[in-house]
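To start, the structure itself, in structure tokens.
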Amino acid sequence: MFKRLILVGTCLAAVLSASATMAAEPTYVVGSGGTYRPFEYENSQKQLEGFDIDIIKAIAKADGFQVKLVNTPWEGIFATLGSGDRDIIISGITITDKRKQMVDFSDPYFPAEQTIVVAKGSKVDSIAALKNLNVGVVNSSTGDIVVSDVLGKNSTAIKRFDNTPLMLQELYEDGIAAAVGDVGVAKFYLKTHPEKAFELVSDTKFERQYFGIAVAKGNDELRNKINNGLQKIVADGTYAKIYEKWFDAQVPTLPTATQPAK
């Protein structure tokens with residue numbers, strides 16, 4: 001009986017200790033738009049999931065804080081930081097000078113350049129090779145702008161689609177010779193549609209951009225927590241595992257956050 005009491009007491013102490021730890025960890029409200037698969041989207045249970053969601057959860061775990069995820073429409077998402085309704089935003093946000101005037105960004109966590117998608121064996125090896133070909137883009141996207149520069153904005157060779165899956169289905173059916181779009185979305189499509197023999201072609205003319213995690217201007221404490229957590233998950237291999245889960249084994253080297261945090 002005495003041994004049982006000791007065991008029960010030990011278990012209770014462990015539970016209380018864990019609860020105290022959880023209580024001591026701050027909780028931050030994270031806004032994320034649920035319409036950009038595979039970065040953030042709602043599953044059948046109306047819960048947010050995706051690459052961005054896994055990343056912010058891993059960062060929080062690594063640096064000792066909790067997150068409350070809230071599906072937040074893209075329009076007006078930045079204003080939620082200023083109003084205090086959200087503490088953090090992670091939503092496939094490209095770091096730009098204009099946005100830096102409104103919010104502060106973490107270190108980059110994802111390279112977000114454009115890519116060319118072609119059938120395996122295609123002779124297309126650069127953006128210049130798209131001339132005289134029918135090329136698919138998502139309407140009004142960065143890919144649309146890039147291809148319009150090469151073929152001409154009013155070129156009838158540019159086929160515009162409402163989304164990437166429609167565009168790549170057209171490529172599969174030989175309705176277009178190539179497609180240009182966001183590398184993350186394209187990689188996810190290739191991963192989830194292995195039956196379609198596609199490959200990606202990069203070009204140095206594509207501008208290298210990065211996604212960042214946003215906090216309110218001047219919130220250096222929270223931004224440092226995020227950067228610290230990001231450094232940790234890069235260093236311990238967690239970032240690579242998440243990247244491979246959603247994309248492929250070609251894990252990028254980020255421009256910062258490559259050394260363990262102290």
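No experiment lies behind these values; they were computed from the predicted model shown.
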Check whether [X] reaches the backbone of [Y] with its side chain - one donor and one acceptor, N or O, closer than 3.5 Å.
{"X": "Asn228", "Y": "Asn224", "result": "no"}
{"X": "Asp203", "Y": "Ile127", "result": "yes"}
{"X": "Ser106", "Y": "Ile213", "result": "yes"}
{"X": "Gln114", "Y": "Gly143", "result": "yes"}
{"X": "Ser155", "Y": "Gly152", "result": "no"}
{"X": "Asp182", "Y": "Val185", "result": "no"}
{"X": "Thr80", "Y": "Phe78", "result": "no"}
{"X": "Ser122", "Y": "Val118", "result": "no"}
{"X": "Asp104", "Y": "Val215", "result": "no"}
{"X": "Asp236", "Y": "Thr238", "result": "yes"}

Enter the distance from [X]:[atom1] to [Y]:[atom2] here, rounded to the nearest 0.5 Å.
{"X": "Asp63", "Y": "Asn227", "atom1": "CG", "atom2": "CG", "answer": "9.5 Å"}
{"X": "Leu133", "Y": "Lys131", "atom1": "CG", "atom2": "NZ", "answer": "11.5 Å"}
{"X": "Leu151", "Y": "Asn132", "atom1": "CG", "atom2": "CG", "answer": "8.5 Å"}
{"X": "Lys61", "Y": "Ile233", "atom1": "NZ", "atom2": "CD1", "answer": "11.5 Å"}
{"X": "Leu81", "Y": "Asn219", "atom1": "CG", "atom2": "CG", "answer": "9.0 Å"}
{"X": "Ile56", "Y": "Ile88", "atom1": "CD1", "atom2": "CD1", "answer": "4.5 Å"}

**Report entry** Intermediate values then yes/no, side chain to side chain contact (heavy atoms under 4.5 Å, CB included), Asp85 and Val29
**Finding:** CA-CA 8 Å; Asp85 291 335; Val29 180; over 6 Å; no
Requested in this report: Please check if the distance between the ring centroids of Phe211 and Phe39 is under 6.0 Å.
Outcome: yes
Query raised in the report: Is it true that Phe51 and Phe247 have ring centroids separated by less than 6.0 Å?
Result: yes
Taking C-beta and beyond as the side chain, do [X] and [Y] meet within less than 4.5 Å on heavy atoms?
{"X": "Asn139", "Y": "Asp144", "result": "yes"}
{"X": "Leu254", "Y": "Val234", "result": "yes"}
{"X": "Glu42", "Y": "Asn71", "result": "yes"}
{"X": "Val135", "Y": "Ile158", "result": "no"}
{"X": "Ser126", "Y": "Val201", "result": "no"}
{"X": "Lys159", "Y": "Val137", "result": "no"}
{"X": "Tyr41", "Y": "Thr35", "result": "no"}
{"X": "Phe206", "Y": "Val183", "result": "no"}

Query - Residues in side-chain contact (heavy atoms from CB on, under 4.5 Å) contact with Asp149, at least two apart in sequence or another chain - result: Ile145
Query raised in the report: Of all residues at least two apart in sequence or in a different chain, which pass the side-chain contact (heavy atoms from CB on, under 4.5 Å) check with Ser91?
Result: Ser32, Glu40, Trp74, Ile77, Ile89, Ile93
Would you say [X] and [Y] are hydrophobically clustered, going by side-chain heavy atoms of ILVMFWY under 4.5 Å?
{"X": "Ile53", "Y": "Val70", "result": "no"}
{"X": "Leu230", "Y": "Val103", "result": "no"}
{"X": "Ile59", "Y": "Ile95", "result": "no"}
{"X": "Phe105", "Y": "Leu222", "result": "no"}

Query raised in the report: What's the verdict on side chain to side chain contact (heavy atoms under 4.5 Å, CB included) for Arg160 and Val138, showing C-alpha distance, side-chain angles and the deciding distance?
Result: CA-CA 5 Å; Arg160 295 179 171 89; Val138 174; over 6 Å; no
Determine the minimum heavy-atom distance between [X] and [Y], stating which atoms define it.
{"X": "Gly229", "Y": "Ala62", "value": "O-CB, 4.0 Å"}
{"X": "Leu48", "Y": "Gly34", "value": "CD2-CA, 3.8 Å"}
{"X": "Lys225", "Y": "Pro26", "value": "NZ-CG, 4.4 Å"}
{"X": "Asp87", "Y": "Thr27", "value": "OD2-O, 4.3 Å"}
{"X": "Gly92", "Y": "Tyr109", "value": "N-OH, 3.8 Å"}
{"X": "Leu130", "Y": "Ala178", "value": "CD2-CB, 3.7 Å"}

Query raised in the report: With a 4.0 Å cut-off, would you call Lys57 and Asp54 a salt bridge?
Result: no
Query raised in the report: Charged N to carboxylate O below 4.0 Å: is that the case for Lys120 and Glu199?
Result: no
Above 12 or not: heavy atoms from other molecules or residues under 6.0 Å from [atom1] of [X]?
{"X": "Lys196", "atom1": "NZ", "result": "yes"}
{"X": "Lys191", "atom1": "NZ", "result": "yes"}
{"X": "Lys217", "atom1": "NZ", "result": "yes"}
{"X": "Asp162", "atom1": "CG", "result": "no"}

Query - By side chain to side chain donor-acceptor pair (under 3.5 Å) - contacts of Glu173 (at least two apart) - result: Gln169
Query - Verdict with reasoning, Val117 to Val180, per side chain to side chain contact (heavy atoms under 4.5 Å, CB included) - result: CA-CA 6 Å; Val117 187; Val180 175; over 6 Å; no
Query - Leu69 vs Gln47, side chain to side chain contact (heavy atoms under 4.5 Å, CB included): CA-CA, chis, key distance, verdict - result: CA-CA 9 Å; Leu69 297 162; Gln47 297 171 326; over 6 Å; no
Distance-only side-chain donor-acceptor flag, [X] / [Y], under 3.5 Å:
{"X": "Lys187", "Y": "Tyr243", "value": "yes"}
{"X": "Tyr28", "Y": "Gln66", "value": "no"}
{"X": "Asp107", "Y": "Tyr210", "value": "no"}

